[in-house]
Amino acid sequence: MRDEVNEGVAAEGASAPASAPLKSLVYSSTAVQPFDDTQLDALLQQARMRNSLLGITGMLSYRGGSFIQFLEGSEDHIDALMASIRADQRHRDVRVLIEDRISERQFSSWTMGYERMRNTEQRPPAGFRDTFADLQRGDDDLITARAARELMFWFKVRSGAQE
């Protein structure tokens with residue numbers, strides 16, 4: 001099956017004032033019901049508009065009913081957005097995997113980069129490690145941080161980002 005990379009639109013409000021602390025947050029969640037492509041596209045359109053207004057940037061990955069989302073922006077906006085995400089009835093089991101103050105954005109030009117990942121019917125090769133699964137588990141801080149960096153790098157390479 002084909003994977004799609006969709007970078008989203010440039011984040012016009014993405015540069016927070018120099019005095020505003022920036023926050024980076026990665027969370028995972030499980031869809032209550034699987035999203036089809038039309039539902040995912042509607043979700044992305046809504047997220048991109050909201051994020052552009054709030055100066056939030058990041059990326060979203062979806063596979064087999066599970067979401068992994070990277071968010072970055074002002075601390076207040078990220079905290080408010082996470083409260084809204086936790087209250088959203090379309091998913092459950094929201095788990096914050098990484099939460100840090102940052103000095104520089106990793107997704108400065110994306111209001112919401114997106115990767116639609118497909119499950120494959122093929123068995124993985126010997127020694128294969130599933131980065132997405134490592135992030136979903138989130139039970140070891142070192143593995144979670146490594147998996148987050150790997151997924152971020154993979155996404156940037158696939159999208160051709162020049163950041």
* Apply side chain to side chain donor-acceptor pair (under 3.5 Å) to the pair Arg105 and Thr57, showing each step before the final yes or no. => CA-CA 8 Å; Arg105 294 174 187 261; Thr57 55; 2.8 Å; yes
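- The backbone N or O of Asp36 lies less than 3.5 Å from a partner atom in the side chain of Gln39, making a donor-acceptor pair.
- When the shell of 6.0 Å around CD of Glu75 is examined, it contains more than 12 heavy atoms from other residues, nucleotides or ligands.
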* To do: Could you give me the CA-CA distance, side-chain angles and deciding distance for Tyr27 and Met82, then say whether side-chain contact (heavy atoms from CB on, under 4.5 Å) is met?
  => CA-CA 9 Å; Tyr27 77 88; Met82 279 308 297; 3.8 Å; yes
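- Side chains of Glu72 and Ser24: a donor-acceptor N/O pair is absent below 3.5 angstrom, by distance only.
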* Stepwise side-chain contact (heavy atoms from CB on, under 4.5 Å) test for Ile56 and Ile78 -> CA-CA 7 Å; Ile56 293 175; Ile78 294 295; 4.1 Å; yes
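- The two residues Val32 and Gln89 make their nearest non-hydrogen contact at CG2-O, 3.3 Å.
- Interatomic distance, Leu22 CG to Arg101 CZ, rounded to the nearest 0.5 Å: 10.0 Å.
- Atom CG of Leu25 sits about 8.5 Å away from atom CG of Leu97, to the nearest 0.5 Å.
- Here Leu44 contributes atom CG and Met49 contributes atom CE; the two are 12.0 Å apart, rounded to the nearest 0.5 Å.
- Asn51 contributes atom CG, which lies 7.0 Å from atom CG of Leu71 (distance to the nearest 0.5 angstrom).
- The CG atom of Leu53 sits 14.5 Å away from atom CZ of Arg48, with the distance rounded to the nearest 0.5 Å.
- A donor-acceptor contact shorter than 3.5 Å is absent between the side chain of His91 and the backbone of Thr30.
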* Step by step, would you call Asp93 with Ser29 a side-chain contact (heavy atoms from CB on, under 4.5 Å)? -> CA-CA 5 Å; Asp93 303 328; Ser29 67; 5.8 Å; no
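- Here the two rings, on Phe67 and Phe35, have centers that are under 6.0 Å apart.
- Residues Val96 and Arg86 are in side-chain contact: their nearest non-hydrogen atoms beyond the backbone lie under 4.5 Å apart.
- Across Arg90 and Asp88, no two heavy atoms sit closer than the pair NH2-OD2, 2.6 Å.
- If you take CD1 on Ile98 and CG on Asp100, they are separated by 7.0 Å, rounding to the nearest 0.5 Å.
- Here Lys23 does not pair with Asp76 in a salt bridge; the nearest charged N to carboxylate O distance is not below 4.0 Å.
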